[in-house]
Amino acid sequence: MSCSCTSTTSTQSELHASILQKINNHPCYSQDAHQHYARIHVAVAPACNIQCNYCNRKYDCSNESRPGVTSYKLSPEEAVKKVLHVGGLIQQLSVVGIAGPGDGLANPKQTFKTFALLKKYAPDIKLCLSTNGLMIHKHIDEIAKYNIEHVTVTLNTVDETGEIGSKIYPWVFYNHKKHRGVEGAKLLLEKQLEGIRMLVERGILVKVNAVLIPGINEDELPRVARKVKELGVFVFNVMPLMSKPEYGTVFGLAGVPSAGHKMLMRAQEACDVNVKMMRHCRQCRADAVGLLGEDRSDEFFKESFEHKSFEELSEHYNLNQRVKTHDAIETWRRALRAANGKIMQEEANKNELSTTGKTHLVAVTTRGNGLINDHFGSAKEFLIYEAGDKGIKFIMHRKVEKSYCMGKEGCDGSYPIDEIKTALSDCELLLTQKIGECPQKELESIQLTCDEGFADEPIEISVLKGVRKHFFTSIGA
Ligand code: CLF
Ligand code: SF4
């Protein structure tokens with residue numbers, strides 16, 4: 001986060017320290033943390049109090065999830081048992097989020113019972129809540145009471161006339177009544193803004209998510225970003241609409257298209273109005289488990305924890321061992337930071353990144369830990385950086401449905417590379433741990449240079465060195 005203060009009072013630095021402490025191991029609020037710490041979502045909140053046209057309740061909440069198979073629902077007790085079970089096995093687990101499949105605050109009993117039990121049985125874990133914002137004002141005291149330090153509110157428009165909102169929300173259920181169209185949209189906006197103000201006043205870190213809906217709110221998002229900034233929201237996250245007829249959503253069936261990488265990049269740039277932007281969101285499922293880039297939700301069946309006692313699971317969770325693991329992660333992060341140096345410039349513009357004003361997009365394959373440690377053939381997502389000879393900036397990740405190899409041996413020309421070529425069409429350099437001759441030739445055909453020379457090296461310094469090596473040789477950078 002950029003800070004324009006020239007002198008810092010002790011109160012300001014204490015505030016800064018307290019924010020850093022809150023975000024340090026939160027994989028969504030800290031871009032740096034997401035390579036090292038994992039989150040789990042527990043699906044305890046099935047109902048919702050509004051209808052979004054990008055949502056089909058058969059699937060997970062689109063506020064914080066991608067359409068996928070329906071999650072299995074959990075009671076608060078089952079949810080906490082799952083957290084203890086998973087937290088013992090995946091010790092990088094640092095955050096529990098309630099993100100659906102409906103809305104956490106439309107299911108307040110289940111949500112707050114889960115948080116209460118987590119405070120008792122997993123006191124080291126951060127609590128995180130995602131909501132459409134309609135009911136924050138009613139539950140603000142409970143949110144503070146359970147020390148929920150992170151709340152995400154989905155705010156797709158700040159249009160006070162309700163016109164844009166009415167195209168997104170057909171109805172809003174409030175005070176035992178369905179409010180439709182413009183009336184419902186205006187009511188929702190009023191409650192969202194009131195709720196965000198209350199959260200900020202209590203010192204709770206707020207993230208605002210906005211779904212980028214082509215043809216509906218793309219021109220509206222910079223206004224949302226400015227409002228977010230004015231409200232004192234910590235971070236703003238633009239999530240591209242994922243829309244297909246088979247998702248069964250109103251938008252999907254009406255042919256509203258998904259928002260692609262390029263549209264997302266344009267929207268992020270337009271919204272970069274001195275507000276901290278989240279660029280590493282993975283649009284997780286309501287029952288997501290693991291590092292943000294991986295999805296381990298299908299490894300943890302209900303049968304593996306539901307019959308175990310809290311005592312047994314608490315022992316397995318092993319608080320002492322978790323503290324040691326987190327200490328080791330922090331030691332590794334310090335070493336990584338030292339190796340990378342101070343090159344990351346989150347809010348930098350092109351001129352700050354490059355002496356020539358020209359920058360290049362670089363794709364990286366990683367399995368986490370801040371290293372270039374994944375083969376091209378197995379990568380299902382690519383981190384994308386914008387880089388010049390002076391600095392680098394993380395832009396986004398790009399997922400593909402199929403990795404290149406899919407476990408096959410040899411190269412018979414039948415490998416799925418078109419999707420990857422499309423995803424990386426504007427990139428000029430790929431840094432990867434290993435890549436075969438065939439895919440390398442394919443990628444060179446779209447002017448994408450592949451380089452294995454930074455295998456197992458720290459990502460950020462390698463991106464900078466890679467760009468200098470390939471694109472800035474003539475100026476001796
Ligand atoms: Fe979950 Fe959301 Fe908390 Fe993170 S996810 S409730 S803030 S712990 Fe993160 Fe997933 Fe994006 Fe959400 S990557 S969808 S921003
Ligand atoms: Fe669906 Fe979430 Fe919108 Fe509710 S708030 S309708 S669950 S996307």
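All ligand and atom numbering here is 1-based and tracks the order in the structure.
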Enumerated ligand 1 atoms positioned under 4.0 Å from heavy atoms of Val95: 8 (S)
Has Cys28 got an N/O/S atom less than 2.8 Å from atom 1 (Fe) of ligand 1? no
Within reach of ligand 1, part of His26 (heavy-atom separation under 4.0 Å): side chain
Provide the number and element of each atom of ligand 2 under 4.0 Å from a heavy atom of Pro101. 7 (S)
Is a donor from one side chain sitting under 3.5 angstrom from an acceptor on the other, for Gln35 and Asn369? no
I'd like to know if Ile50 contacts ligand 2, where contact means a heavy-atom distance under 4.0 Å to any ligand atom. yes
Would you say Arg282 contacts ligand 1, with heavy atoms under 4.0 Å as the rule? yes
Numbering the atoms of ligand 1 from 1, which are under 4.0 Å from a heavy atom of Cys128? 3 (Fe), 6 (S), 7 (S), 8 (S)
Looking at ligand 1, would His280 count as a contact under a 4.0 Å heavy-atom criterion? no
Atoms of ligand 1 less than 4.0 Å from Leu292 heavy atoms? 13 (S)
Salt bridge check: are Glu306 and Lys81 linked by an N-O gap of less than 4.0 Å? no
Verify the ring-centre separation between Phe310 and Tyr121: is it less than 6.0 angstrom? yes
Geometric class of the Phe305/His85 ring pair [parallel <30°, tilted 30-60°, perpendicular >60°]: tilted
If we count only N and O atoms by modelled type, under 3.5 Å, do the side chains of Gln433 and His375 hold a donor and an acceptor together? yes
Counting only pairs under 3.5 Å, give me each side-chain donor-acceptor contact of residues 104-113, with atom names and distances, residues two or more places apart or in other chains.
{"residue": "Asn107", "atom": "OD1", "partner": "Ala47", "partner atom": "N", "Å": "3.1"}
{"residue": "Asn107", "atom": "ND2", "partner": "Ala47", "partner atom": "O", "Å": "2.9"}
{"residue": "Asn107", "atom": "ND2", "partner": "Asp103", "partner atom": "O", "Å": "2.7"}
{"residue": "Thr111", "atom": "OG1", "partner": "Gly104", "partner atom": "O", "Å": "2.7"}
{"residue": "Thr111", "atom": "OG1", "partner": "Asn107", "partner atom": "O", "Å": "3.1"}
{"residue": "Lys113", "atom": "NZ", "partner": "Glu77", "partner atom": "OE2", "Å": "2.6"}

Please determine, by modelled atom types, if Asp32 and Ser30 share a side-chain donor-acceptor pair under 3.5 angstrom. no
Any atoms of ligand 1 less than 4.0 Å from a non-hydrogen atom of His41? List them with their elements. 1 (Fe), 5 (S), 6 (S), 8 (S)
The answer for which part of Ala106 has a heavy atom under 4.0 Å from ligand 2 is neither
Lys207 heavy atoms, cut-off 4.0 Å: which ligand 1 atoms fall inside? 7 (S), 15 (S)
Taken in chain and number order and not counting sequence neighbours, the residues that satisfy side-chain hydrogen bond (donor to acceptor under 3.5 Å, both in side chains) with Glu457 are none
Distance under 4.0 Å to a non-hydrogen atom of Cys55: what atoms of ligand 2 satisfy this? 1 (Fe), 6 (S), 7 (S), 8 (S)
Proximity to ligand 2 by part of Asn132, non-hydrogen separation under 4.0 Å: side chain
Short N-O contact, Glu299 and Arg296, less than 4.0 angstrom: yes
Is there a donor-acceptor contact under 3.5 Å linking the side chains of Arg279 and Asn237? no
Can you name the atoms of ligand 2, numbered from 1 with element, that are less than 4.0 Å from a heavy atom of Gly102? 7 (S)
Quick one: which ligand 1 atoms are inside 4.0 Å of a heavy atom on Cys281? 11 (Fe), 13 (S), 14 (S), 15 (S)
Aromatic rings Tyr29 and Phe234: how do their planes relate, parallel, tilted or perpendicular, breaks at 30° and 60°? parallel
Any Tyr54 heavy atom less than 4.0 Å from ligand 2: yes
Counting heavy atoms under 4.0 Å, the part of Cys52 that contacts ligand 2 is both
